[in-house]
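Keep in mind that what you see is a predicted model, and the values were worked out from it rather than measured. Within every chain, numbering begins at 1; the chains are lettered A, B, ... in the order of the sequence lines, protein sequences first and strands thereafter.
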Amino acid sequence: MEQEMPKAYQPQRFEAEMYKHWEESGCFTAKRVPGRKPFTIMMPPPNVTGQLHIGHALVSTMQDILIRYHRMKGDPTLWLPGTDHAAISTEARIVAAIAKEGLTKQDVGREKFLERAWAWKEKYGGTIVEQLRRIGTSCDWTRERFTMDEGMSRAVTEVFARLYEKGLIYRGERIINWCPNCRTTLSDIEVVFEEQRANLWHIRYPGEDGSEGVIIATTRPETMLGDSGVAVHPEDGRYSRLAGKNVMLPILNRPIPVVFDEYVDRAFGTGAVKMTPAHDPNDFEVAQRHNLPLIRVMRDDGAMNELAGPYAGMRALECRKLVVEELTKLGLLVKVEPHTHNVGTCYRCGKTVEPLTSLQWFVRMEPLAKPAVAVVKERKTRFVPPRFEKNYLNWMENIRDWCISRQLWWGHRIPAYYCDACGEMVVARAAVETCPKCGRPMRQDEDVLDTWFSSALFPFSTLGWPEETEDLKYFYPTSVLVTAYDIIFFWVARMIFSGVEQMGQTPFHTVLIHGLVRDALGRKMSKSLDNGIDPLDIIEQYGADALRFALVFGLAPGNDINFSLDKVEAARNFANKVYNASRFVLMNLDEAEPLKGKPLELADKWILTRLNACVRDITVNIEACDPSLAAQRVYEFAWSEFCDWYIEWAKPRLMDGVPEQKKTAQAVLLYGLKGLLRLLHPIMPFLTESVWLKLPGTEGTIMLADWPVADPAYEFPAEAAACGGVIEAIRAVRGVRAEMKVEPSRRVRLMLRPAGEAWAEALASSESALLRLCGGSAMEILKADENVREKTVSAVCPAAEILIPLGDLVDFEKETARLEKEKASVAMEISRAESMLSNEGYLAKAPAQLIRQTREKLESNRQMLVSIEKRLEGLLERSHV
RNA sequence: GGGGUUAUAGCUCAGUUGGUUAGAGUGCCACGUUGACAUCGUGGAGGUCGAUGGUUCGAGCCCAUUUAACCCCACCA
């Protein structure tokens, strides 16, 4: 068996094979078990043409940990994967590909363009799901969905129609965010504000009657061409003279009214604001109140249109420059002040976004937001960590209508049909050919929906909705949704209101939020910095398990993680440790030794008790959605307890023990390893499975092995504590040896003076391990008052005073100094414990358990102090001899 | 303007409801390879837990104030 296992952990040898084995075994596939509560996760669908990046690796690992845990627990488990068509980003790539042929998308035409898009999807759509397999995601590929597949498209149309019928979707001329570069609308959250330094231009608008008029202040002089009024505050005495008057818009010489509105901040600028309702959301609202006309002066490509008069066709910035020059010439430019303000930019291309009026489709948010706020406030959906709940509520409570139409081709086409002849419009679930009013042909809306409109339906559209499928009935609502904080608004919030509206129930009870993966210096990974880490490279070099472990280890809930190769290396080393511990167990195992009925020794009871503790802790950690703590805990158990102590302690029995002792050690090793592998499996699935399949006495995949449960039959608190004392004794001896510079190869005799009967027994029963683990050649138990005449150094610990004859190596001065130091620290402990125990408040309020521990500690420290003092006396006497 | 996060060992970070001796990884120092593992072992050095005040028998953790860095939301022309 051991021939199959090379010395070093080589994940490349088995990872692909393990995954194939799993996928073929069918255990990823969810099964409905009536009467049993399922555990369900909907995978955040990666973009169909995307490449796996480190963020995917993190979110997949987090989900996979939860899924594998629940599957082992025996819950019917569904992890449904999918991909997203990602309207704008995919379209941009295809446009770019077409551009390489020297064509535009208009040259190609809508139909051919979509053909290309689908071909692109077919070609690249499979890569990301293959890459997800590489990191071990155990999702149900038989249920894989795509946001534009037939069923999900149907769900999109259905939701659109329902919301329209309820009056929750409407079409209207509103101020929207327009990206002149991408040539499409953007929703409010797709606009990224950037601070920019600019000017505040003060411009005089003369009175229509030739009076001095008013001075306005603006950051965008070019939009004045679209002004349809000037607003001042109703209580601003400076401007009451203008009531009912018009002023002249310079350059275009158009009379525009002065209106009075509380929106105006008297303290800012001149207290007079030009109203450009077609290009500013606030002006738009003021204009609505005062019936000011919308005058749009910009084209879709960002250039000025014919209403801009002499500036038609110019780019906005060029227009600005010329307008300012012209105003200067006219003597109407009063002042220019430097001014810093925020400018909206496109989240995709980074270009300045133009607010402008346009006829678009919107979702009326207020009625949808209310119940979506309620489900979170009522804790039907909770956020982990909870602080993100505030973010969510704040956004949802101040939400504005959602512009959902996009001027793109790749996406779900809006199911609205227009009759150009009579102006009729219908929204329908199936294509409408002829106008129901006049019978003439109808044409479908050209636009598609925001890509998030379809992903908002993911928790139920993937299960077959609007059909009442068995899957839908069984798996909805889902359990946990795992995602990064940066898409709470884009996706999580929209899933919640969509789920509540369409299904009447929140789509998931827990939202597990994680942070972003950054580079070792905390910078965002980006192409321009070239600091990106490709998860596939890591997998090839270190293995998927190492990557997974590195991603979740030492990660605070919801915080960003600084990822570095150091971390991966540490994780790989841990994998190697577990691998080699497994190899050791396998090499020393004859057959499957059952643990039941074996006569357990001290160390056996210790490790079994520690395993129970580990099982309890990790179960709690995973239930609390904290894989990081689980990883730390299993790391500690595996390395510091199982490997560092138990395996080493078991060696004498395996090598020199009588058959019965050997068999017991083998049984405990096997039992412990099986526990460890199962606890580690959700985090490191490949390694644990590959070992599991080699272990005697295991049947089938570890994926379906029972999640460990703490076994009261193997809970030995007293023995575990005694063993802990022996461990301390071993550490004490090692410490003394190192300090006295005793060659590691030099065996020493140990004389133990136990600190009581119980310790005497524990130490005596641990003789072989004790000798082996601290380089002892022989061990002798001293009586309490027995004197030793040899030259010795001593190690003092709660279990015993240990005397080590070192002959010439014993340097009295050095030993005295060492003991004095130890004495001081023990004495300090004693005085601290004494002061605590004489504190009435402490005695009255601290838990009894804690007080008892303090007393015990005080007692053992006092004993140690006595031992140390005796040793010191002895040394002094001897040094005077 | 509103909200949030972070500050703990040289570096990167953990530290669940307050429990008294603050941990890990990595780096550093010393020593060590006859077989689970040098992707290792043993021992060690290294921290007044950003600052100040408060609550408490007890504070890295709770409260207030404060300093610094970062993030989100809002978008006053």
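The pair E728(A)-R731(A) fails the salt-bridge criterion, with no side-chain N (NZ, NE, NH1 or NH2) lying under 4.0 Å from an Asp/Glu carboxylate O. Using a 4.0 Å cut-off between charged nitrogen and carboxylate oxygen, E859(A) and R855(A) do not count as a salt-bridge pair.
Only the P atoms considered, G25(B) is 25 Å distant from C61(B), to the nearest whole Å. A gap of 14 Å separates the P atoms of G10(B) and A51(B), to the nearest Å. Comparing U55(B) with G15(B), their C1' atoms sit 23 Å apart, to the nearest whole Å. Taking atom C1' in both C73(B) and U16(B), the straight-line distance is 29 Å, to the nearest Å. Atom P of U52(B) sits at a distance of 23 Å from the matching atom of G46(B), rounded to the whole Å. The P atoms of A64(B) and A24(B) are separated by 33 Å, rounded to the nearest whole Å. Comparing U6(B) with A22(B), their P atoms are spaced 23 Å from each other, to the whole Å. For the P atoms, the distance linking G50(B) with U12(B) amounts to 15 Å, nearest Å.
Nucleotide U55(B) holds its P atom 13 Å from the NZ atom of K845(A), rounded to whole Å. A straight line from CE of M864(A) to P of U21(B) spans 15 Å, rounded to a whole angstrom. Nucleotide A77(B) holds its P atom 15 Å from the CD1 atom of I175(A), rounded to whole Å. The separation between Q632(A) atom CD and G25(B) atom C1' is 10 Å, rounded to whole Å. The nearest whole Å value for the distance from the CD atom in E636(A) to the P atom in G15(B) is 15 Å. Rounding to whole angstrom units, CG of residue N398(A) and P of G3(B) are separated by 13 Å. Computed from coordinates, the I618(A) CD1 to U16(B) P distance equals 17 Å when rounded to whole Å. Following rounding to the nearest Å, N621(A) (CG) and G15(B) (C1') show an atom-to-atom distance of 12 Å.
For the pairing with F553(A), the ring pair (Phe, Tyr, Trp, His ring centres under 6.0 Å) check across F563(A), F574(A), Y635(A) returns one residue only, Y635(A). None of E834(A), E829(A), E856(A) except one satisfies the salt bridge (charged side-chain N to carboxylate O under 4.0 Å, His left out) rule with R862(A); the exception is E834(A). Looking at M587(A), R13(A), R583(A) one by one, the single match for side-chain contact (heavy atoms from CB on, under 4.5 Å) with M5(A) turns out to be R583(A).
The environment of K814(A) atom NZ is dense: over 12 non-hydrogen atoms of other residues, nucleotides or ligands sit within 6.0 angstrom.
Listed here is the closest heavy atom pair of C797(A) and I802(A): SG-CD1, 4.5 Å.
Aromatic ring orientation, H341(A) versus H339(A): tilted (interplanar angle from 30° to 60°).
Side-chain contact annotation: E190(A) with N177(A), donor-acceptor N/O pair under 3.5 Å absent.
Mapping T218(A) and D626(A) onto RNA chain B by nearest heavy atom places D626(A) closer to the 5' end of the strand. Comparing D188(A) and T270(A) by the nucleotide of RNA chain B whose heavy atom lies nearest to each, the residue mapping closer to the 5' end is D188(A).
By the salt bridge (Lys or Arg N to Asp or Glu O under 4.0 Å) test, R382(A) is found to be paired with no residue, residues two or more places apart in sequence or in another chain being considered. Q12(A) pairs by the side chain to side chain contact (heavy atoms under 4.5 Å, CB included) definition with Q10(A), not counting sequence neighbours.
Within the 4.0 angstrom heavy-atom criterion, base atoms lie near D265(A). Using a 4.0 Å heavy-atom criterion, one finds that R737(A) contacts no nucleic acid atom at all. In this structure, F553(A) reaches the sugar-phosphate backbone alone: every heavy-atom distance under 4.0 Å involves primed, P, OP1 or OP2 atoms, never a base. Counting non-hydrogen atoms under 4.0 angstrom, R523(A) reaches nothing in the nucleic acid. Within the nucleic acid shown, P281(A) has no heavy atom closer than 4.0 Å to any nucleic acid atom.
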Steps toward side-chain contact (heavy atoms from CB on, under 4.5 Å) verdict (V191(A), T345(A)): CA-CA 6 Å; V191(A) 178; T345(A) 61; over 6 Å; no

Derivation of the side-chain contact (heavy atoms from CB on, under 4.5 Å) call for M836(A) and L858(A): CA-CA 10 Å; M836(A) 262 189 321; L858(A) 175 62; over 6 Å; no

Per-nucleotide protein contact string for nucleotides 31-45 of chain B (B base, S sugar-phosphate only, - none; heavy atom under 4.0 Å): SS---BBSBSSSS--

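Taking the side chain of Y263(A) as heavy atoms from C-beta on, and the options G15(B), A77(B), C75(B), the nearest nucleotide is A77(B).
For C75(B), its base sits under 3.5 Å from the side chain of N342(A) at one donor and acceptor pair at least.
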Secondary-structure string, 5' to 3', Watson-Crick or G-U under 3.5 Å, | for another-strand partners, for RNA chain B: (((((((..((((.....[...)))).(((((.......))))).....(((((..]....))))))))))))....

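A sub-4.0 Å separation between OP1 or OP2 of G4(B) and a side-chain N or O of K390(A) is present. Under 4.0 angstrom from either OP1 or OP2 of A77(B) there lies at least one side-chain N or O belonging to H339(A). The phosphate of A77(B) (OP1 or OP2) has no side-chain N or O of R220(A) nearer than 4.0 angstrom.
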Name the pairs: protein N/O against N/O of nucleotides 6-12 of chain B, kept only if under 3.5 Å.
unit_1, atom_1, unit_2, atom_2, d
U12(B), O3', N562(A), ND2, 3.1

Side chains of residues 218-227 of chain A: which donor-acceptor partners sit under 3.5 Å, not counting sequence neighbours?
unit_1, atom_1, unit_2, atom_2, d
T218(A), OG1, R220(A), N, 3.0
R220(A), NE, E222(A), OE2, 3.4
R220(A), NH1, E354(A), OE1, 3.4
R220(A), NH2, E222(A), OE2, 3.4
R220(A), NH2, E354(A), OE1, 2.7
R220(A), NH2, E354(A), OE2, 3.4
E222(A), OE1, R320(A), NE, 2.9
E222(A), OE2, R320(A), NH2, 3.2
T223(A), OG1, R220(A), O, 2.9
T223(A), OG1, K274(A), NZ, 2.6
D227(A), OD1, K274(A), NZ, 3.3
D227(A), OD1, T276(A), OG1, 2.6
D227(A), OD2, Y205(A), OH, 2.6

